[in-house]
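If you read the sequence from its start, that first residue is 1, and numbering goes on from there.
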Amino acid sequence: MTRLIRFLAQTLHPPQHPGDLEVRHIDAYRRFRESSTNERYAKLELRSIALIFDVPPLAELVSAEVRDRMRPHLRYQPNPKSGYSDGELARIVTAARADVAILRDRLLVAPLDSDEEERHLLEVARTTGSIQLRGVSAPRIAGVKRRVAEHLFVTRRDLTPLLALLVATTGWNLEVIKDLPAKHRIIEDLAVEVEVTKRRRGPGHWHQTATWEIGPPGKELSTPGGLYLLLHRMMAPARELMDDPSTFWALWHHRQGQRSGGDGCRNPFAAALDASLRHQHWMRERGVKADPLTDDTSLEAPILRLDFNRLKTSIDVRRTRQMGGHLPSAARTNTTGVLFRNYLAGDKSTIDWARELMAETLVEVEQAAWSAHRRALATHGVMNLEIRIKSEDSDQQPPSNEVDTAWTSCSDHEHHPLTGRRCAASFLDCFHCGNCVVTDDHLPRLLSLLDALETRRQQMSEDAWWTRYGSSWAAIRYEVLPKFTEAEVDRATQTKPNDSFLDLVEPRWEQP
């Protein structure tokens, strides 16, 4: 608001009263802000100022037209982050899986070798969640308590790899993972059913049932259901000491002072979902590095930054690839629109993969059209079209029985190779007929036909275009044009007619 007032004061005829504000003043201020920031930020600033003018007495003094101009339309423009590369994703998941395996061995497998005093200390911690130490200085007490608690409970230091591995195996975003419930249902030891919470869908669509595969014994770290049940077991001792046993997350915390409640087991995401976690500290400890920025091997790659949105994007990208790009099959945790707009659209690897896939698909479609043309010729008893190229000093005349068609000539119009009767086929079928003859005189018309086919391609679906015109297009592209030199094609391009005669082979109701 202060910035707006200062701007108006510097104009040639500044308004002296709120009622003097005009639309041109708001437009000028918006252009001024766009020149120093950007269009979106300038619109947001104006919409914030509009809230002040909606309150009396300004709402009564400023015209409705001016107040409406302070609310420019904001177009939602998602800017999804690109996912990790295959190498970066593999390094994150490998490091997380290794740490979770160490945690599993520490809590469920490794025997505890301790004396009687230590066993008493651990028994008190197991039943109360509190660790009482004597003779330990204040600077060291937090670390010593944590090392004792690590024999019994999952701690905050273990949280980052657990979150990373759950996001990677389940494909759900971090907010859903932090809100996981402890209640679940095991289906015939094959899958586990969990009711997850999606806050971003609004209060009417918060809950959704997810079914995760458990997998065989020993593969718990690779399947979503197996990992969920494994972590559920590892956090069970802490969950028993909590006031709310319905939460999935149950960790041992050390807090100093009486007001903080001291040591104990609690849900780290109960108060806030961020839980003040420092994920990058874990990445540095594990030495998870990004891909090298250059090919220079002497330069050390930087430590990779852990971003859970990018991690989920990476998982969605790979699942979409596995489904062959079919979004309805790939969309497990989001709608197809959200999956594409918020996760796939901005991912560089997805764009590159889609381009490769489209190129491969186009090659396959062209090969199918070419094969259809070759099979049609084979049924007529020939392997190739008859293509005659006249020499410059030749006065050779076509045989008298040849008849010109729309784009080629027919050597025996009265006797079709298959029926032996007068030909009644479409002119497009001439390209697959044993009686077809192509000369250099036909080249300009063939080029005009190719242009018309490309125009029709923009007016109909790809499937319909390839079904109707694909084999004829392939015959011209791959069999006729290669017989002519580049210079001959260039000369024919300069003399090609405007009328392609394509309307001769199309139904009247489809003609533009």
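- With sequence neighbours left out, the side-chain contact (heavy atoms from CB on, under 4.5 Å) criterion links R477 to L450, W473, L481.
- Between the side chain of R126 and the main chain of L152, no donor-acceptor pair closer than 3.5 Å is present.
- Using a 4.5 Å cut-off on side-chain heavy atoms (C-beta onward), W252 and K145 make contact.
- Taking the side chain as every heavy atom from C-beta outward, W212 and H184 never approach each other to under 4.5 Å.
- Taking R185 as the reference, I187, E193 meet the side-chain contact (heavy atoms from CB on, under 4.5 Å) condition, with sequence neighbours excluded.
- Across R456, Q458, R457, a single residue satisfies side chain to side chain contact (heavy atoms under 4.5 Å, CB included) together with M460, and that is R456.
- Each of R157, R104, R286 was checked for a side-chain hydrogen bond (donor to acceptor under 3.5 Å, both in side chains) with D99, and the lone residue meeting it is R286.
- Side-chain contact check for D490 and T493: no donor-acceptor pair (N or O, by modelled atom type) lies under 3.5 Å.
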Using atom types as modelled, flag every donor-acceptor pair under 3.5 Å from a side chain in residues 19-26 to any protein atom, sequence neighbours excluded.
unit_1	atom_1	unit_2	atom_2	d
D20	OD2	Q16	N	3.4
D20	OD2	H17	N	3.1
E22	OE1	R24	NE	2.7
H25	ND1	E22	N	3.1

Show me, pair by pair, the donor-acceptor contacts under 3.5 angstrom made by side chains of residues 225-237, not counting sequence neighbours?
unit_1	atom_1	unit_2	atom_2	d
Y228	OH	P181	O	2.6
Y228	OH	A182	O	3.3
H232	NE2	A182	O	3.1

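- Under the rule for a side chain to side chain donor-acceptor pair (under 3.5 Å), S500 has no partner lying at least two apart in sequence or in another chain.
- Pairs passing the side chain to side chain donor-acceptor pair (under 3.5 Å) check and including a residue from residues 235-250, sequence neighbours excluded, read D244-S246, T247-N267.
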